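Everything numeric here is computed off the predicted structure, so don't read it as measured data. What you see below is based on every heavy atom in this structure, not just the backbone, and it leaves out hydrogens, waters and symmetry mates. Lettering of chains follows the sequences in order, A, B, ..., and the numbering in each one begins at 1.
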Protein chains: 2
Amino acid sequence: MSLRFALLALLRVGPLSGYDLQKQFALSVGHVWHAPDSQIYPELRKMEAEGLVEGEEQARGQRGTRRVYHVTDAGERAFQEWMRSPLEYARVRDPAHLRAAYLEASTPAAAREFFRAHIAQWEGELAQWEGELKRIAALDNPMLARRLAATPPPDRERTVAFKRFTYEGLVERARGEIDWARRGLALVDGLEAADGEWAGSGANGA
Amino acid sequence: MSLRFALLALLRVGPLSGYDLQKQFALSVGHVWHAPDSQIYPELRKMEAEGLVEGEEQARGQRGTRRVYHVTDAGERAFQEWMRSPLEYARVRDPAHLRAAYLEASTPAAAREFFRAHIAQWEGELAQWEGELKRIAALDNPMLARRLAATPPPDRERTVAFKRFTYEGLVERARGEIDWARRGLALVDGLEAADGEWAGSGANGA
DNA sequence: GTCCGCATGTAAGCCGTTACATGATTAG
DNA sequence: CTAATCATGTAACGGCTTACATGCGGAC
């Protein structure tokens, strides 16, 4: 349900083709809301059918065409409404913590592997988000630059401030996950040292 | 895809009916992996069809019946395999940070309301998880008690340790979100003070 | 002329949500 | 006898994933 607002957020700074949108998406909003192209193109069509955006067919070479979308008044209103409406939070569904809660049922080796993978996963995200923070500070992101160019000077500080603030939050979250998993590794060490019997032969269920 | 493993994790400590399972689910695994009853019953049927669990029809009163499920060997193997296999992380899709990144497009009032709701949301989760932590420390959770009763004494420490560790991680995450949102409120104050013009009349897009 | 990037999708399927539907048993 | 709780689902729909499908344009 948020995809359309992510798309509107990008289109609000100026018209883009589906293709460009999709490329820019991956480099900006995509860092907080992933979406593959196979979802973006149909969603744009749906939004057009609902009057939130309008697409103009443009010629490209002899036979090629591309569809350039821009936000309509209704689209802008929908975006503003979304901004003012309470956010719908997804129910918790966290595979990593689900597994962590039952790690005693497995082996020390598997537990370590799990935590190592968790660290790797979040270090990847961390790198993305830290990179984005740097690009924000340097005004080095193409969409952000375009947005600032279209923003009256007194409003620019705010625009940058919220982007920075958002990514700071994400960076902290990633660090938290990494810290937690590191402590998980230490916990496995401790438990294994305390009890040589944790071979994890398997069944200790009923 | 994790739902079945959450169900297996519960059933591994002993047979349960769909109904009991669903009740216990909400009080234990449900804190990390939400699932409504309307998903649990069909999933149990599917798991039975795949041989992971077996259900026995039991009489209840004159005409009533209930189906009591237990884990099969294949189910136990599937659980162990899952424990050893790399976890599939969902792509990032975070409506709160999505909105946060574009808060300059809205009004200070709406921004504050957003952060307040974020705090309320995570304080709710925090209360759940802290409550669960206390119940773990007091061995006051019915499923945990049952599990410990079915666990050989030397293995009990580990069982409790991983539960505690899991919920500690969740508590920290919640605190992180709350801290972030509090700083968001401060940021809105600062930006509003710095520039009286942020009335958020709306359109500052293209 | 060939390859890379531009450009746009469709199809099948799973997972999950919300709402609805039904009836039996037991405690008061 | 009435309400709560035990007990088990179905139906419709939406969002997302994965894989597949197609063809043009420009650069080398």
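In the set D:dA7, C:dA24, D:dG25, D:dG25 carries the atom at the smallest distance from any side-chain atom of A:Arg60. Across C:dT8, D:dA7, C:dG16, the shortest atom-to-atom separation from the side chain of B:Leu3 is found for C:dG16. Residue A:Arg66 has its side chain nearest to C:dA7 when only C:dT17, D:dT8, C:dA7 are considered.
With sequence neighbours left out, A:Glu168 forms a salt bridge (Lys or Arg N to Asp or Glu O under 4.0 Å) with no residue at all. In this structure B:Arg183 satisfies the salt bridge (Lys or Arg N to Asp or Glu O under 4.0 Å) test together with A:Glu172, sequence neighbours excluded. Considering only residues two or more places apart in sequence or on other chains, A:Arg116 meets the salt bridge (Lys or Arg N to Asp or Glu O under 4.0 Å) condition with A:Glu113. Residues that satisfy the salt bridge (Lys or Arg N to Asp or Glu O under 4.0 Å) test with A:Asp94, not counting sequence neighbours, are B:Arg173.
Residue pairs meeting the ring-ring contact (aromatic ring centres under 6.0 Å, His included) criterion with at least one partner in residues 46-85 of chain A, sequence neighbours excluded, are A:Phe5-A:Trp82. Applying the ring-ring contact (aromatic ring centres under 6.0 Å, His included) rule to pairs touching residues 11-59 of chain A yields nothing, sequence neighbours excluded. Residue pairs that meet the salt bridge (Lys or Arg N to Asp or Glu O under 4.0 Å) test with at least one member in residues 16-32 of chain B, sequence neighbours left out, are B:Asp20-B:Arg66. Residue pairs meeting the salt bridge (Lys or Arg N to Asp or Glu O under 4.0 Å) criterion with at least one partner in residues 28-51 of chain A, sequence neighbours excluded, are A:Arg4-A:Glu43, A:Arg4-A:Glu50, A:Glu48-A:Arg67.
Looking only at side-chain heavy atoms (C-beta outward), A:Trp180 and A:His97 come within less than 4.5 Å of each other.
Distances shorter than 4.0 Å separate none of the side-chain N or O atoms of A:Lys46 from OP1 or OP2 on D:dG14. For the pair A:Tyr19 and C:dT8, the criterion of a side-chain N or O lying under 4.0 Å from OP1 or OP2 is not met.
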Could you write out each protein N or O paired with an N or O of nucleotides 9-12 of chain C at a distance under 3.5 Å?
| unit_1 | atom_1 | unit_2 | atom_2 | d |
| --- | --- | --- | --- | --- |
| C:dG9 | OP1 | A:Arg45 | NE | 3.2 |
| C:dG9 | OP1 | A:Arg45 | NH2 | 2.6 |
| C:dG9 | OP2 | A:Arg45 | NE | 3.4 |
| C:dG9 | OP2 | A:Arg45 | NH2 | 3.3 |

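Contacts between residues 86-94 of chain A and DNA chain C, defined by a heavy-atom separation below 4.0 Å, involve A:Arg91, A:Arg93, listed by number. For the contact set between residues 22-34 of chain B and DNA chain C, defined by any heavy atom under 4.0 Å, the members are B:Trp33, B:His34.
Atom P of nucleotide C:dC6 and atom CG of A:Asp20 are separated by 8 Å, given to the nearest angstrom. Atom CD in B:Gln58 sits roughly 19 Å away from atom P in C:dA24 (whole-Å rounding). The distance between atom CG of B:Leu44 and atom P of D:dT8, rounded to the nearest whole Å, is 9 Å. Separating the CD atom of A:Glu43 from the C1' atom of D:dG14 is a distance of 11 Å, rounded to the nearest angstrom. Atom CE of B:Met1 is separated from atom C1' of D:dT18 by 15 Å (rounded to the nearest Å).
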Side-chain donor-acceptor distances from residues 134-142 of chain B under 3.5 Å, at least two apart:
| unit_1 | atom_1 | unit_2 | atom_2 | d |
| --- | --- | --- | --- | --- |
| B:Arg135 | NE | B:Glu132 | OE1 | 3.2 |
| B:Arg135 | NH2 | B:Glu132 | OE1 | 3.0 |
| B:Asn141 | OD1 | B:Met143 | N | 2.8 |
| B:Asn141 | OD1 | B:Leu144 | N | 3.2 |
| B:Asn141 | ND2 | B:Leu27 | O | 3.3 |
| B:Asn141 | ND2 | B:Glu132 | OE2 | 2.8 |

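Note: B:His118 and A:Tyr89 have tilted aromatic rings, judged against thresholds of 30 and 60 degrees for the angle between ring planes.
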